[in-house]
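Below: one structure, written as structure tokens.
Here, residue 1 is the first one in the sequence, and each next residue gets the next number.
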Amino acid sequence: MLTALVVFFPLVFLLALAASWDLASYTIPNFIPVAVLLAFMLFALFSHQNAAFFEAHALATLIGLLAGFVLFALGYIGGGDAKLFASAAAWFGMHDLMTYVLAASLLGGVLTLALLSVRRFPLPAALAGRAWIARLHEPRGGIPYGVALAAGGIAILPYTDLFRTVSG
């Protein structure tokens, strides 16, 4: 179990960082998805995986990138969200990609409904002075979907093939 904690710490840390950044600014800087992908590549390289492993995880990354950019082109998510989704998909591979999509979608729906509900009420004065909270409270404001992508990834991680493989 200690090995799994060490291996997956960078992923969990970077997903939490992406969620925090998106929540505060509606942006996810490029260095975060790049670091998520690099962390996966280092893991894959040092864990001596076979060709089928690389193919399944590369395909999941490509599908994540294509799906993310289609959703971005349609205006449903931001570019940072698309890149974060693709880089996280690398960790989950084809076996757990749909579980990740489902978890992120459900959590995105919960986040959306929560923000829409909260936006119906006036913002308390104690919170109105915080720019990031005021931005989240804007009636026509967006949804920081990186939060759902990160939460979905963290939520399913212990149930993935990769986690089971590392945990032994």
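- Within 6.0 Å of CZ on Phe13 lie no more than 12 heavy atoms contributed by other residues, nucleotides or ligands.
- For the pair Ser25 (side chain) and Asp22 (backbone), a donor-acceptor distance under 3.5 Å is absent.
- Hydrophobic clustering (side-chain heavy atoms under 4.5 Å, transitive across Ile, Leu, Val, Met, Phe, Trp, Tyr) keeps Leu38 apart from Leu62.
- Following chains of ILVMFWY side-chain contacts shorter than 4.5 Å, one cannot reach Phe31 starting from Leu42, and the two form parts of different hydrophobic clusters.
- Hydrophobic clustering (side-chain heavy atoms under 4.5 Å, transitive across Ile, Leu, Val, Met, Phe, Trp, Tyr) groups Phe85 together with Val12.
- When side chains are defined from C-beta on, Ile63 counts as touching Leu59, because their heavy atoms get closer than 4.5 Å.
- Remark: Leu37 CG to Leu11 CG distance equals 11.5 Å, nearest 0.5 Å.
- Side-chain atoms of Tyr145 come within 3.5 Å of backbone atoms of Ala104 as a donor-acceptor pair (strictly under, hydrogens ignored).
- The side chain to side chain donor-acceptor pair (under 3.5 Å) analysis of residues 71-92, with sequence neighbours excluded, yields the pairs Asn30-Lys83.
- By the 30° and 60° cut-offs, the orientation of the rings of Phe163 relative to Phe8 is parallel.
- Phe46 places none of its side-chain heavy atoms less than 4.5 Å from the side chain of Val7.
- Within the structure, salt bridge (charged side-chain N to carboxylate O under 4.0 Å, His left out) contacts touching residues 158-168 (residues at least two apart or in different chains) are Asp161-Arg164.
- Taking both residues in full, the closest heavy atoms of Ala89 and Leu97 are given as CB-CD1, 3.6 Å, listed atom of the first, atom of the second, then distance.
- Minimum heavy-atom separation, Ala134 to Ala128: CB-O, 4.0 Å.
- A continuous path of hydrophobic side-chain contacts links Leu115 to Trp132 [ILVMFWY only; heavy atoms under 4.5 Å].
- If you take CZ on Phe54 and OG1 on Thr61, they are separated by 11.5 Å, rounding to the nearest 0.5 Å.
- Taking all atoms of both residues into account, the shortest heavy-atom contact from Asn50 to Phe53 is OD1-N, 2.8 Å.
- Across Tyr100 and Gly153, no two heavy atoms sit closer than the pair CE1-N, 3.3 Å.
- Between the side chain of Arg135 and the main chain of Ala24, a donor-acceptor pair closer than 3.5 Å is present.
- At least one donor-acceptor pair closer than 3.5 Å links the side chain of Arg119 to the backbone N or O of Leu136.
- Of the inter-residue distances, the one linking Thr99 atom OG1 with Tyr159 atom OH reads 12.0 Å to the nearest 0.5 angstrom.
- Here the straight-line distance linking atom CD1 of Ile28 with atom CH2 of Trp21 works out to 11.0 Å at 0.5 Å rounding.
- Counting only residues at least two apart or in different chains, salt bridge (charged side-chain N to carboxylate O under 4.0 Å, His left out) contacts with residues 95-117 are absent.
- The two residues Ile154 and Ala16 have their closest heavy-atom pair at CD1-N, 4.4 Å.
- With rounding to the nearest 0.5 Å, the separation of CG in Leu66 from CG in Leu71 is 11.0 Å.
- Inter-residue side-chain proximity for Phe43 and Val166 is flagged as met; some heavy-atom pair is nearer than 4.5 Å.
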Item to check | Intermediate values then yes/no, side-chain contact (heavy atoms from CB on, under 4.5 Å), Leu157 and Thr160 | outcome: CA-CA 5 Å; Leu157 186 59; Thr160 61; 4.1 Å; yes
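- Following chains of ILVMFWY side-chain contacts shorter than 4.5 Å, one can reach Phe9 starting from Ile32, so the two form part of one hydrophobic cluster.
- Note: Leu127 CG to Ile133 CD1 = 4.5 Å, rounded to the nearest 0.5 Å.
- Using modelled atom types, one side-chain atom of His137 and one backbone atom of Phe121 make a donor-acceptor pair closer than 3.5 Å.
- Closest of all the heavy-atom pairs between His57 and Phe92 is CE1-C, 3.8 Å.
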